[in-house]
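Heads up: the structure comes next, in structure tokens.
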Amino acid sequence: VSDAFFERGKLIYPFFYQEAIPPKKKDIAEGARICQSILELVPNDAIALCGLGYFRLEQDSVAVAEKLFAEAERKQRRFMESRNGRALAILKKPRQKVKAKTLFEEVASIDNMYAAAWYNAAMTYLSMDGAEVFGRFEKVVERFPNHHDAYFKLGTCYERVHRPAEAVEA
């Protein structure tokens with residue numbers, strides 16, 4: 001999903017916004033159309049199902065996206081992208097953050113080099129205002145030293161609790 005995904009719908013506090021530019025609606029619509037065309041030709045394509053699911057998330061069609069990710073997971077059980085996408089869809093549903101966090105952590109434990117799962121789990125902790133948020137972002141930057149969004153969020157977390165030296169370092 002785009003960086004704007006977490007900023008829509010008040011998932012995280014505005015203090016943590018990066019003012020991400022959302023993808024253009026016409027680009028999302030075109031991407032969704034392409035995925036649908038692929039699925040007409042190859043209905044069992046888990047990658048196209050996930051692609052369409054991500055486009056639906058960008059359109060805030062959460063229920064449709066969740067179904068697409070679940071279908072992709074049924075087609076290809078070990079495809080971590082489908083689980084990650086389903087967790088993102090669940091995260092957008094009311095009172096489902098713990099369930100989403102658990103699914104992100106499951107994905108990260110299965111594929112410990114899947115940066116998106118680690119980052120999305122940390123973002124879920126951030127959305128829950130969890131006490132472990134510092135540790136979660138520290139794990140992301142430790143594992144993935146080039147993950148700029150995680151560094152930004154970690155620095156912002158330190159800034160929020162008036163720890164400027166750590167904020168600058170992050």
Side-chain angles (χ1 to χ4, degrees), residues 1-76 79-94 96-97 99-101 103-105 107-108 111 113-128 133 136-137 140-141 143-157 170:
V1 291
S2 71
D3 293 334
F5 174 81
F6 290 100
E7 295 178 12
R8 286 194 312 267
K10 300 180 181 177
L11 264 182
I12 60 174
Y13 296 105
F15 185 80
F16 294 101
Y17 286 6
Q18 295 175 317
E19 297 187 24
I21 299 169
K24 295 177 182 169
K25 290 182 181 187
K26 70 176 182 97
D27 293 341
I28 292 171
E30 178 64 12
R33 188 196 62 73
I34 291 169
C35 288
Q36 287 173 319
S37 296
I38 293 169
L39 289 168
E40 288 173 10
L41 297 171
V42 189
N44 292 326
D45 190 319
I47 294 171
L49 284 165
C50 284
L52 185 56
Y54 281 111
F55 287 119
R56 294 302 182 234
L57 281 179
E58 289 293 348
Q59 295 170 325
D60 288 324
S61 296
V62 174
V64 172
E66 185 178 9
K67 288 177 186 174
L68 288 163
F69 291 122
E71 185 177 343
E73 191 175 348
R74 281 191 297 277
K75 308 260 185 223
Q76 195 172 340
F79 189 43
M80 294 300 105
E81 196 64 45
S82 60
R83 292 181 187 199
N84 184 69
R86 190 163 55 91
L88 285 166
I90 291 168
L91 179 62
K92 284 282 190 159
K93 295 165 73 175
Q96 295 295 309
K97 290 178 181 179
K99 184 176 179 180
K101 174 191 70 75
L103 192 51
F104 286 130
E105 289 172 341
V107 172
D111 182 354
M113 292 309 293
Y114 187 18
W118 285 88
Y119 180 73
N120 293 338
M123 290 297 288
T124 304
Y125 274 91
L126 182 63
S127 75
M128 296 165 54
V133 72
R136 295 297 168 161
F137 282 113
V140 176
V141 298
R143 237 175 232 287
F144 309 100
N146 292 324
H147 203 300
H148 304 293
D149 290 336
Y151 275 108
F152 176 84
K153 292 294 192 276
L154 179 59
T156 306
C157 287

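Note that the structure is predicted; figures quoted are calculated from it, not measured. Values reported hereafter were calculated over all heavy atoms of this structure, with side chains retained and with hydrogens, waters and symmetry mates removed.
A salt bridge between E105 and K101 is present, with a side-chain N of the basic residue lying under 4.0 Å from a carboxylate O of the acidic one. In this structure, E58 pairs ionically with R8, as a charged nitrogen and a carboxylate oxygen lie closer than 4.0 Å.
Listed here is the closest heavy atom pair of F104 and A121: CB-CB, 3.7 Å. For C35 against L52, the heavy-atom pair with the smallest separation is SG-N, 3.6 Å. Taking each heavy atom of I47 and D45 in turn, the nearest pair found is N-OD1, 2.9 Å. L49 and P43 get closest at one heavy-atom pair: CD1-O, 4.4 Å. Across every non-hydrogen atom of F137 and A122, the tightest pair is CE2-CB, 3.6 Å. The two residues V107 and A117 make their nearest non-hydrogen contact at CG1-CB, 3.6 Å.
Taken from CD in E71 to SG in C50, the straight-line distance is 10.0 Å, to the nearest 0.5 Å. Here the CG-CD distance, from D149 to Q18, works out to 4.5 Å after rounding to the nearest 0.5 Å. Note that CG of L11 is 12.0 Å distant from CE of M128, once rounded to the nearest 0.5 Å. For the atom pair CG (D111) and CE (M80), the distance works out to 7.0 Å, reported to the nearest 0.5 Å. Here CE of M123 is found 8.5 Å from CG of D3. Values are rounded to the nearest 0.5 Å. Here CG of L68 is found 9.5 Å from OG of S61. Values are rounded to the nearest 0.5 Å.
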Output, in order, the C-alpha distance, side-chain angles, deciding distance and verdict of side-chain contact (heavy atoms from CB on, under 4.5 Å) for Q96 and L91.
CA-CA 6 Å; Q96 295 295 309; L91 179 62; over 6 Å; no
F16 and C157: CA distance, side-chain angles, deciding distance, side-chain contact (heavy atoms from CB on, under 4.5 Å) verdict
CA-CA 8 Å; F16 294 101; C157 287; 3.8 Å; yes
Task: Steps toward side-chain contact (heavy atoms from CB on, under 4.5 Å) verdict (K67, V64) - done: CA-CA 5 Å; K67 288 177 186 174; V64 172; 5.9 Å; no
I12 and K153: CA distance, side-chain angles, deciding distance, side-chain contact (heavy atoms from CB on, under 4.5 Å) verdict:
CA-CA 11 Å; I12 60 174; K153 292 294 192 276; 4.1 Å; yes
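The environment of I21 atom CD1 is sparse: at most 12 non-hydrogen atoms of other residues, nucleotides or ligands sit within 6.0 angstrom. Atom NZ of K75 has more than 12 neighbouring heavy atoms from other residues, nucleotides or ligands inside a 6.0 Å radius.
No donor-acceptor contact under 3.5 angstrom links the side chains of R33 and Q36, judged on distance only. Between N146 and Y151, the side chains place no donor N or O within less than 3.5 Å of an acceptor N or O (distance only, hydrogens not considered).
At least one side-chain heavy atom of F144 sits under 4.5 Å from a side-chain heavy atom of M113. Looking only at side-chain heavy atoms (C-beta outward), F6 and L88 come within less than 4.5 Å of each other.
For E7, there are no salt bridge (charged side-chain N to carboxylate O under 4.0 Å, His left out) partners two or more places apart in sequence or in a different chain. K93 pairs by the salt bridge (charged side-chain N to carboxylate O under 4.0 Å, His left out) definition with E66, not counting sequence neighbours.
Here F69 and Y54 bring their ring centres to under 6.0 angstrom of each other.
N120 places a side-chain N or O within donor-acceptor distance of the main-chain N or O of A116, the cut-off being under 3.5 Å.
The cationic group of K92 lies under 6.0 Å from the six-membered ring centre of F5 and within 45° of the ring axis, placing it in a cation-pi geometry.
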